[in-house]
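Take a look at the structure set out below.
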Amino acid sequence: DLRTYSEVLKKVLLSVIDGVKVAFVVKEWEESSTSYIAHFIMSRVNADVVVVCKEGSLSIRSNELNIRELAVRLGGGGHPKAAGAPFKLPLLHKLLLRIGLKKYVLKYCAKVVTEAIRSVGITG
């Protein structure tokens, strides 16, 4: 697991959106829990929010902020600190993901979530 976690850290995209530090990562591992990875990233990069993107869904985690309304805005729901939403990739991004060009999917995910954060905000 430590090797997986170390590799994941290398692929994190950090962004500050309206004063909130958000870490984005594309999930490409099946053997580790999304929640464990999200909390590991949160602690290692000191992020307020972690968004784990994969084809079909987003997992959103925070220790301090209420991210439920963000998930609702994205068509999902959940708890104030752990939520999720469906995540439909355009055909081009699906193809890019399948051939291993995950950075484009990561940027698309960040764009979609950034727009939602700016729309609804995130509160403590």
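Side-chain atoms are counted along with the backbone in the values below, which use heavy atoms only and exclude waters and symmetry mates. Since the model is a prediction, treat every value here as computed from it, not as a measurement.
- Of all heavy-atom pairs spanning Ser15 and Ile17, the tightest one is OG-CG1, 3.7 Å.
- The heavy-atom pair separating Ala71 from Gly84 by the smallest distance is CB-O, 3.5 Å.
- In this structure, CG on Leu74 lies 5.5 Å from CD1 on Ile60, to the nearest 0.5 angstrom.
- Taking the side chain as every heavy atom from C-beta outward, Val113 and Leu58 approach each other to under 4.5 Å.
- Here the CG-CE distance, from Asn63 to Met42, works out to 4.5 Å after rounding to the nearest 0.5 Å.
- Looking at Val22 and Val51, their side chains come closer than 4.5 Å, going by heavy atoms from C-beta outward.
- In terms of modelled atom types and a separation under 3.5 Å, the side chain of Lys11 and the main chain of Leu106 share no donor-acceptor contact.
- Remark: Cys109 SG to Lys27 NZ distance equals 14.0 Å, nearest 0.5 Å.
- Follow the hydrophobic side-chain contacts under 4.5 Å out from Val49 and you reach Leu13 in the same cluster.
- For the pair Ser119 and Arg73, the tightest heavy-atom approach, listed with the atom from each and the gap, is OG-NE, 3.0 Å.
- Under the 4.5 Å side-chain contact rule for hydrophobic residues, Val105 and Leu92 do not share a cluster.
- Val112 and Tyr104 are members of different hydrophobic clusters when ILVMFWY side chains are connected at heavy-atom separations under 4.5 Å.
- Within the 3.5 Å criterion, the main-chain N or O of Lys81 finds no donor-acceptor partner in the side chain of Ser62.
- The distance from atom NZ of Lys111 to atom CZ of Phe24, rounded to the nearest 0.5 Å, is 12.5 Å.
- When each of Val50, Val26, Ile41 is tested with Val12 by the rule side chain to side chain contact (heavy atoms under 4.5 Å, CB included), just one qualifies, namely Ile41.
- In this structure a side-chain-to-backbone donor-acceptor pair under 3.5 Å is missing from Asp48 to Val20.
- If you take CG on Leu97 and NZ on Lys103, they are separated by 14.0 Å, rounding to the nearest 0.5 Å.
- We find that Arg118 and Glu115 are not joined by a salt bridge, their nearest charged nitrogen and carboxylate oxygen being 4.0 Å or further apart.
- In the hydrophobic cluster analysis, where Ile, Leu, Val, Met, Phe, Trp and Tyr join through side-chain heavy atoms closer than 4.5 angstrom, Leu96 is grouped apart from Tyr108.
- In the hydrophobic clustering of ILVMFWY residues, with side-chain heavy atoms under 4.5 Å counting as a link, Leu95 and Phe87 come out apart.
- The shortest non-hydrogen separation linking Ile117 to Asp18 is O-OD2, 4.4 Å.
- Within the model, atoms CD1 of Ile67 and CZ of Arg61 stand 7.5 Å from one another, a figure rounded to the nearest 0.5 Å.
- Summarising the local packing, NZ of Lys94 is surrounded by more than 12 heavy atoms from other residues, nucleotides or ligands at distances under 6.0 Å.
- Val8 has its side chain out of reach of Phe40: every pair of non-hydrogen atoms, C-beta onward, lies at least 4.5 Å apart.
- Under 4.0 Å is where a charged nitrogen must lie from a carboxylate oxygen, and between Lys88 and Glu55 no such pair does.
- Contact between Ala83 and Gly77 at its shortest, heavy atoms only, is CB-O, 3.3 Å.
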